[in-house]
2 protein chains.
Amino acid sequence: MKKLSSLYDRSRIPLYIQVASVMRQRIETGHWVEGDKISTLEELEAEFGVARVTIRQAIELLRDEGLVDAQQGRGTFVSGKPKHNRWLNLANDFETMISLVKDNVLERVHIEENVVLPDLDESEGTAAAEYTFLRSVQYNDGEPFSVVNLHLAQDLFSRDRQRFTHSAALPSIVEMKDLKIVHAHQTLTIGVADPETADLLKIGLGEPTADCRLVLVDDGGVAIYVANIHYHKDCFALRVDLLKKSPVANASRGLETA
Amino acid sequence: MKKLSSLYDRSRIPLYIQVASVMRQRIETGHWVEGDKISTLEELEAEFGVARVTIRQAIELLRDEGLVDAQQGRGTFVSGKPKHNRWLNLANDFETMISLVKDNVLERVHIEENVVLPDLDESEGTAAAEYTFLRSVQYNDGEPFSVVNLHLAQDLFSRDRQRFTHSAALPSIVEMKDLKIVHAHQTLTIGVADPETADLLKIGLGEPTADCRLVLVDDGGVAIYVANIHYHKDCFALRVDLLKKSPVANASRGLETA
DNA sequence: CTCAATTTGTTCGTATGTATG
DNA sequence: ACATACATACGAACAAATTGA
């Protein structure tokens with residue numbers, strides 16, 4: 001039998017899904033424009049190095065999503081763009097971050113007091129004795145776009161249980177005048193959704209997410225705020241202005257990037 | 001439990017791969033520590049709500065990766081962490097970026113002169129009449145970690161063909177004293193690998209990548225440098241210092257470089 | 001209008017992969 | 001380990017719709 005394509009060997013994800021992903025991206029990025037006739041099955045067959053039926057399966061997927069319209073004898077045409085909600089969620093400075101977070105609609109799904117920090121940090125301060133673990137889901141237009149797993153120093157949480165329980169923690173923290181944040185940083189990576197995250201974000205298990213680790217350290221060198229945030233990959237974009245030293249002026253939500 | 005069965009509906013990725021992803025993540029995050037005996041097949045079976053054989057298939061995958069060691073009659077033990085090479089490739093300011101790029105080992109895989117910019121930009125300057133398209137792969141330790149698709153204004157390229165052909169473009173550009181960059185920004189999203197990118201990065205078709213669009217605009221408002229960079233998801237991390245050097249004193253928001 | 005070329009749609013047979021019990 | 005069911009992928013052939021010479 002013919003070997004499966006070499007690309008397929010590298011990831012065991014079904015071929016037709018891989019192909020569909022690529023075609024979907026081409027539509028999204030405008031490489032294939034709406035109304036255009038895309039390559040014929042034979043061309044695609046050759047380009048991707050897969051069987052005709054496999055291409056058809058991929059097109060079938062896109063058709064179900066309303067992205068293409070295949071007409072016998074004529075060709076396959078792009079019939080729409082995937083609605084992508086790219087919100088600029090992340091900020092490059094503390095001020096912007098606070099202002100963004102303040103308006104977030106969130107739902108606390110889990111709270112557990114008096115826990116220890118599970119994964120000790122490397123060089124981002126020392127751990128407090130006890131933390132409160134808070135998991136929340138952030139919504140935009142009723143759709144979940146991120147899951148926040150926050151370890152908040154227990155003594156901080158105890159100071160205003162009510163507020164920390166029902167609203168975003170960050171604004172509450174900055175309002176504590178006696179508290180000095182001497183260090184704050186974000187590290188962004190790409191991860192995969194575990195069962196809980198997948199469930200909360202309504203995505204598939206193992207699908208990619210933008211993972212952001214946000215740590216605040218006080219003047220005692222203690223990591224008082226350790227958050228692991230998983231963003232839905234389609235609801236995430238980060239814009240960095242490379243020349244301006246001042247905060248980016250993009251405080252508005254719902255801003256399109258493409 | 002059929003909790004996972006419903007998750008499975010959302011992503012047609014084979015179940016045992018999804019399960020393996022989760023287990024891999026547990027090892028990576030330290031939820032399962034090296035040397036530990038992980039849950040028995042029966043427990044996992046119950047937790048994930050899948051058949052015993054499916055769990056075994058997942059464990060088989062992890063065993064091939066050297067992450068676990070299954071011993072008949074004893075149990076399955078964590079035998080190692082996935083080695084991930086997380087290099088901090090991206091920068092938040094222009095100077096840092098240049099210094100990072102300068103040392104990059106890259107291989108030009110494709111050059112095409114006198115092309116037009118394919119996807120016109122939204123609000124990031126006007127397009128030049130003609131561009132040179134350069135595709136290169138960046139290596140670290142012999143492993144490819146990013147693919148750069150660059151559209152460079154044709155007149156710039158013509159000024160030093162030799163150099164642009166064989167080394168990174170960014171340093172060459174900043175050295176042109178008569179050229180004024182008035183705007184530079186990066187936008188980061190999560191995308192999927194198309195056939196060429198997958199081939200060059202040695203990953204599977206449709207696997208997630210960190211996509212970075214980098215645009216430089218000169219004092220004429222022309223986008224002279226438009227790059228779409230695809231980073232291997234495991235070779236990518238972006239660290240943002242939220243307090244450092246950023247004027248937290250919100251008053252100082254002047255200093256326009258235009 | 002017919003013919004031929006093009007292009008999508010359908011079906012068959014076969015092999016292998018996935019998942020259950 | 002086995003039996004079963006269904007999904008995935010291939011190649012090839014054929015059917016049906018469209019287009020234009």
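Convention: sequence-line order gives letters A, B, ...; per-chain numbering from 1.
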How long is the line joining [atom1] of [X] and [atom2] of [N], in whole Å?
X: Leu44(A); N: dG9(C); atom1: CG; atom2: P; answer: 12 Å
X: Glu45(A); N: dT6(C); atom1: CD; atom2: P; answer: 15 Å
X: Leu41(A); N: dT18(D); atom1: CG; atom2: C1'; answer: 15 Å
X: Glu42(B); N: dG21(C); atom1: CD; atom2: C1'; answer: 14 Å
X: Ile13(B); N: dG17(C); atom1: CD1; atom2: P; answer: 19 Å
X: Phe48(A); N: dC10(D); atom1: CZ; atom2: C1'; answer: 17 Å
X: Ile55(A); N: dG9(C); atom1: CD1; atom2: C1'; answer: 15 Å
X: Glu60(B); N: dT18(C); atom1: CD; atom2: P; answer: 12 Å

Using a cut-off of strictly less than 4.0 Å, decide whether [X] has a side-chain nitrogen or oxygen near OP1 or OP2 of [N].
X: Arg74(A); N: dT19(D); answer: yes
X: Thr54(B); N: dT20(C); answer: yes
X: Thr40(A); N: dT6(C); answer: no

Short question: side chain of [X], backbone of [Y] - any donor-acceptor pair under 3.5 Å?
X: Ser136(B); Y: Asn149(B); answer: no
X: Gln154(B); Y: Ala129(B); answer: no
X: Thr209(A); Y: His232(A); answer: no

**Prompt:** For dA9(D), what is the paired nucleotide under Watson-Crick or G-U wobble rules, both distances under 3.5 Å?
**Reply:** dT14(C)
**Prompt:** Is any side-chain N of the basic residue among Glu47(A) and Arg26(A) closer than 4.0 Å to the acidic one's carboxylate O?
**Reply:** yes
**Asked** For Arg63(A), which contact category applies under a 4.0 Å heavy-atom criterion: base, sugar-phosphate, or nothing?
**Response** sugar-phosphate
**Asked** Looking for any heavy atom pair under 4.0 Å, which part of the strands does Gln71(A) touch: base, sugar-phosphate only, or nothing?
**Response** sugar-phosphate
**Message:** Both Gln57(A) and Val53(B) contact DNA chain D. Taking the nearest nucleotide for each, which residue is further toward the 5' end?
**Reply:** Val53(B)
**Asked** More 5' along DNA chain C: Arg56(A) or Ile17(B), using each one's nearest nucleotide?
**Response** Arg56(A)
With respect to the side chain of [X], which nucleotide from [options] is positioned closest?
X: Gln72(A); options: dA16(D), dA19(C), dC10(D); answer: dA16(D)
X: Lys37(A); options: dT8(D), dT7(C), dA12(D); answer: dT7(C)
X: Leu15(A); options: dT10(C), dC10(D), dT20(C); answer: dC10(D)
X: Val50(B); options: dG9(C), dT8(D), dT20(C); answer: dT20(C)
X: Tyr16(A); options: dT8(C), dT8(D), dT11(C); answer: dT8(D)

**Prompt:** Does any N or O donor sit under 3.5 Å from an N or O acceptor when you compare the side chain of Arg52(A) with the base of dT7(C)?
**Reply:** no
**Message:** If we check side-chain contact (heavy atoms from CB on, under 4.5 Å) with Leu188(B), which of these qualifies: Asp211(B), Leu214(B), Leu90(B), Ile229(B)?
**Reply:** Leu90(B)
**Message:** Check the orientation of Phe236(A) and Tyr231(A). Use parallel for under 30°, tilted for 30 to 60°, and perpendicular for over 60°.
**Reply:** tilted
